[in-house]
Amino acid sequence: QVQLVESGGGLVQTGGSLRLSCAASGRTASPYAVGWFRQAPGKEREFVAAISWNGGSVHFADSPVRDRFTVSRDNAKNTVYLQMNSLKFDDTAVYYCAATAQLTLDVPTTASSYDYWGQGTQVTVSS
């Protein structure tokens with residue numbers, strides 16, 4: 001079992017930045033990939049970004065986040081970060097991190113591929 005806790009959400013103005021953190025605990029000794037997803041009110045959960053167990057492979061959703069968000073991880077701290085810059089009103093959502101054991105070189109980008117989920121953190125971008 002892996003437990004995930006997100007933090008760093010909040011209220012920010014358009015054009016501002018936030019850094020979300022996803023802290024993992026439990027069975028973190030095994031290599032695991034981490035994905036970030038978000039869900040806006042009335043919309044389905046969507047993929048944002050994912051990072052391989054060693055940070056060597058990173059995937060982003062197609063525009064509009066690819067050029068504004070970065071993802072990184074510090075395995076010594078069991079923490080994955082999502083840096084969000086130039087935030088827009090449409091980025092408003094609950095952001096979730098998720099983890100799954102990475103057994104191959106592939107980094108999952110679909111929600112159904114992830115086994116463990118955090119509780120989510122609210123990001124609100126004011127226009």
Side-chain angles (χ1 to χ4, degrees):
Q1 288 278 0
V2 176
Q3 292 78 42
L4 303 172
V5 178
E6 302 96 335
S7 61
L11 175 64
V12 64
Q13 292 185 333
T14 298
S17 297
L18 282 175
R19 188 178 78 160
L20 305 184
S21 298
C22 173
S25 61
R27 287 191 173 184
T28 58
S30 299
Y32 59 95
V34 172
W36 285 97
F37 296 80
R38 67 185 182 183
Q39 187 166 18
K43 295 186 178 181
E44 294 185 354
R45 189 170 298 188
E46 64 175 359
F47 170 72
V48 176
I51 187 168
S52 63
W53 70 275
N54 63 352
S57 180
V58 175
H59 296 268
F60 289 95
D62 292 335
S63 298
V65 304
R66 179 180 293 274
D67 298 328
R68 299 183 294 119
F69 293 6
T70 58
V71 60
S72 61
R73 66 190 297 162
D74 184 342
N75 284 345
K77 297 181 178 179
N78 290 325
T79 301
V80 174
Y81 305 97
L82 181 68
Q83 177 68 42
M84 306 185 296
N85 300 323
S86 302
L87 283 163
K88 304 176 181 180
F89 177 76
D90 288 346
D91 294 319
T92 296
V94 177
Y95 284 72
Y96 300 89
C97 66
T100 186
Q102 186 175 357
L103 305 177
T104 69
L105 295 177
D106 294 331
V107 180
T109 61
T110 57
S112 61
S113 298
Y114 287 87
D115 302 306
Y116 308 104
W117 290 82
Q119 82 289 349
T121 185
Q122 176 71 47
V123 171
T124 302
V125 184
S126 63
S127 59

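- Residues D91 and S86 share a closest heavy-atom pair of OD2-O, 4.4 Å.
- The backbone N or O of N54 lies less than 3.5 Å from no partner atom in the side chain of N75, so there is not a single donor-acceptor pair.
- For the pair T100 and P108, the tightest heavy-atom approach, listed with the atom from each and the gap, is CG2-CG, 3.9 Å.
- Looking at residues two or more places apart in sequence or on another chain, you find a ring-ring contact (aromatic ring centres under 6.0 Å, His included) between W117 and F37.
- To the nearest 0.5 angstrom, N78 atom CG is 11.5 Å from Q3 atom CD.
- Criterion: ILVMFWY side-chain heavy atoms under 4.5 Å apart, direct or through other members. Under it, L82 and L87 are part of a common hydrophobic cluster.
- Note that OG of S127 and CD of Q13 are 10.0 Å apart. Values are rounded to the nearest 0.5 Å.
- Cluster annotation: Y32 and V58 are assigned to the same hydrophobic cluster (Ile/Leu/Val/Met/Phe/Trp/Tyr, side-chain heavy-atom contacts under 4.5 Å, transitive).
- The CZ atom of R27 sits 8.0 Å away from the CD atom of Q1 when rounded to the nearest 0.5 Å.
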Requested in this report: Could you walk me through whether E46 and R38 pass side-chain contact (heavy atoms from CB on, under 4.5 Å), step by step?
Outcome: CA-CA 5 Å; E46 64 175 359; R38 67 185 182 183; 2.6 Å; yes
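- Formation of a donor-acceptor pair under 3.5 Å by the T124 side chain with backbone atoms of T92 is not found in this model.
- Follow the hydrophobic side-chain contacts under 4.5 Å out from W36 and you never reach Y96; the two are in separate clusters.
- A pairwise comparison of heavy atoms in V5 and Q119 identifies CA-OE1, 3.8 Å as the closest pair.
- Closest approach of A99 to L4, counting heavy atoms only: N-CD1, 3.6 Å.
- For T14 (side chain) and S126 (main-chain N/O), a donor-acceptor pair under 3.5 Å exists by modelled atom type.
- Cluster membership for V123 and V65, using ILVMFWY side-chain heavy atoms within less than 4.5 angstrom, is shared.
- Note that CG of D74 is 5.0 Å distant from OH of Y81, once rounded to the nearest 0.5 Å.
- Following chains of ILVMFWY side-chain contacts shorter than 4.5 Å, one can reach V125 starting from L18, so the two form part of one hydrophobic cluster.
- The CZ atom of F47 lies 8.5 Å from the CZ atom of F60; values are rounded to the nearest 0.5 Å.
- Closest approach of S21 and T79 over heavy atoms only: CB-CG2, 4.1 Å.
- Separation of atoms CZ (R73) and OG (S52) is listed at 7.0 Å; rounding is to 0.5 Å.
- Minimum heavy-atom separation, S113 to T110: OG-OG1, 2.8 Å.
- Side chain of E6 to backbone of T121: no donor-acceptor contact under 3.5 angstrom is found.
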